[in-house]
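Data block below; observations after.
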Amino acid sequence: MQARRSPHLHVTAMMALLAGASGCVGADASQGDKSAANENGEASPLAAAAEGFEAGTKLAYAAADVTLGSGTWNMDEALIGTSTSDVKTGARAARIRNSGRVTMLFDLDSGAGTVTIHHAPFGSDGSGTWGLFSSDDGGSSWTQVGATVTSSPGAFATATFDVNAGGPVRLEIRKLDGGSNRINIDDIEIADPDGGGDGADGGDDGGGGDDGGGGDGASVSVHTTLGLPTPASTDPDDFLSVKNGYVISYNAGRKVANWVSWELNTSYLGSTDRQDDYRPDDTLPDGLSQASLADYSGSGFDRGHMCPSGDRTLNTSANSETFFLTNMVPQASNNNRGPWEDLESESRTIARSGKELFVVSGGVFTASSDTIGDGVSVPDETFKVIVVLDAVGDGPADVTDSTRVIAVLMPNSDSAIGETDDWHDFRVSVDDIEAATGEDFLADVDPAVQAVIEARVDDQ
Ligand code: MN
Ligand code: MN
C-alpha cells in the first residue's frame, strides 16, 4: 500500500532520504559515484532498477550520451543540473528544456512494472508537461505510458506509471509542451513487472475491461486512486490534467471541468491561509479555451471551488493551486456558502479522525445550461462523491460492500436551494450521479462492489 501514500508523504520520505545521504549534498564530480551508491542504495529494496543522475556529468543541453549508475542514456536538450536552482535529491538531477528527451540506450531485460519519477519545474520556471514512453524494439518505436504529467512549481511531486511490460523494454522521458520552462527529473525507480508488495498494482483490481471506467487511476495520480471517471484523454473537452494537489478532466467547450478528483487526509491539512489568487490555469496548453476573471465578474455566481481551498492548507503553493479557475464552476451563492460548504467542512472533520477520503466533484450540464461571460457554462446542479476509507494508503481493494459513500446533488440556483439548508437533505446514490453525468465513479473498484455501494444512499 505504500506506493499510494500521499505526495506529501513522498516529500517527507525524500527529505529523510536527503538527510540520510547528506554527505552527498554539494558533492563534486569526484564524489559522484559515492552519491549514487547512497541514493540508489536506499531505493534498491523497492526497485529493480533506479536512476538518480548522481553518477554522470553533462553540462550542456546539446544531445550527447552519458553513462550513469543504471547504464548509458542519451540526453537531448537536457543536461545534469547541479545548481541550487535545480530541484534534486542528492547533488544532481536531470534538467530538460524545450522538447528535450532523456532516453535509455539499454534494455531492462526483466521488463518494467510500476515506474515512479520525481519531477518539478527548475528554479522559478512555470509549469510544463512531460510524459513517459516505452519501447520494446530497442528504441525504434515508442508508445506513451499513461497520461501526460504537468509539473507545477514547488517541491518534487511523484508521478507513477504502470508500464507492466516484460523484457526487453527501455524507457524515455519527453518534455511535451515544447516551451522554454525547464523541468527537473530525478529518482526514477523501476519495479519488476508484477513485483508484488509495492501496492501500486492494486489499482488494476476491477479496473479497465467492461465496467466503462478509465481503469488504472492509481497509475495517473494518487488523487485518482479509485479510478478515472472517464478514460485518460487529450480531447479538448475531456482533457486530463494532473496537478500536485488534484486531477481534473477539463472541458474546453464549457470552460469548466467535467470533474475534479482528490485525496483528502490529515497530510493535506495545516494552517495556511487562503491565498485568494484566483487566476486562469497556466498549466493547460495554450490551445484550450479557458474562463477569465472577467467572465465571473458581475455574473451573479460565485467562483466555486471544486477541490476546496480548505482541503489544501499545508503550504502556500498547495493552497494557491486550488485557485486555478479550472478548479471552479459558476456556483450559486446559497449552494456554495451553504450546504456545499457545510459538506466540505464535514469531509475535513472525517479526515481529521484519521480516515482516507477520495472525492470527486463537478457539475451536471444539459443542452440548455446557462452560460456567464464569454461562454462559461453554469451547471444545473453540482455533484460530489466522497468515499471514506479506514486508513491512509487504502485503495480500490479496500473498498467493500460496507464502505461509506456520501454522494450529493445540489441545485445550482439560489431560488432552488437555501443557504441554511442541511446538506444531508441532498444525498443521492452514486448511480443517480452517474446517470446525470455519464461518468463512472469508483471505476477501479470491483464492479460487484460498485453495484452495491453505488445504489445505496448514505444515511449516517
Ligand atoms: Mn466553495
Ligand atoms: Mn461506478
Side-chain angles (χ1 to χ4, degrees), residues 4 146-147 162 200-233 235 237-240 242 246-251 257-264 306-307 329 343 347 350 355-366 379-390 394-410 426-460:
R4 282 197 301 274
D162 274 351
D201 291 339
D204 294 331
D205 294 350
D210 55 6
D211 64 356
D216 219 4
S219 71
V220 170
S221 167
V222 69
H223 301 298
T224 50
T225 292
L226 299 186
L228 294 167
T230 40
S233 165
D235 183 312
D237 289 339
D238 185 19
F239 185 87
L240 190 70
V242 179
Y246 56 94
V247 174
I248 69 173
S249 164
Y250 183 69
N251 188 314
N258 298 306
W259 49 262
V260 178
S261 185
W262 67 100
E263 179 188 47
L264 176 61
M306 295 292 95
C307 179
V329 301
L343 178 56
S347 303
I350 296 170
K355 302 289 189 182
E356 172 81 305
L357 279 60
F358 290 100
V359 190
V360 188
S361 174
V364 176
F365 299 87
T366 58
D380 299 340
E381 298 166 289
T382 55
F383 73 81
K384 181 171 276 186
V385 174
I386 305 168
V387 179
V388 183
L389 295 171
D390 285 335
D394 279 356
D398 302 299
V399 180
T400 70
D401 288 357
S402 58
T403 294
R404 185 178 186 193
V405 181
I406 304 167
V408 295
L409 266 179
M410 296 189 189
F426 298 98
R427 287 180 291 186
V428 297
S429 70
V430 173
D431 283 340
D432 290 333
I433 302 175
E434 290 187 343
T437 61
E439 308 288 358
D440 178 12
F441 304 103
L442 318 185
D444 289 353
V445 172
D446 182 337
V449 175
Q450 285 186 60
V452 173
I453 64 179
E454 293 183 353
R456 193 165 59 212
V457 179
D458 178 62
D459 62 359
Q460 293 187 41

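Below, all heavy atoms of this structure are taken into account, side chains as well, without hydrogens, waters or symmetry copies. Indexing begins at 1, ligand by ligand and atom by atom, following the structure's order. Each residue takes its place number in the sequence, starting with 1.
The atom of Glu454 that is an N, O or S and sits closest to the Mn ion (ligand 2) is OE2. Its N, O or S atom nearest to the Mn ion (ligand 2) is what matters here, and for Asp440 that atom is OD1. The N, O or S atom of Glu434 lying closest to the Mn ion (ligand 2) is OE2.
Metal site remark for the Mn ion (ligand 2): Phe441 contributes an N, O or S atom at a distance under 2.8 Å.
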CA sep, side-chain torsions, deciding dist, call: Gln450, Asp440, side-chain contact (heavy atoms from CB on, under 4.5 Å): CA-CA 10 Å; Gln450 285 186 60; Asp440 178 12; 3.2 Å; yes
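Taking the side chain as every heavy atom from C-beta outward, Leu343 and Ile406 approach each other to under 4.5 Å.
Partners of Phe441 under the ring-ring contact (aromatic ring centres under 6.0 Å, His included) rule, at least two apart in sequence or in another chain, are Phe383.
The shortest heavy-atom contact between Gly395 and Leu389 is O-CD1, 4.1 Å.
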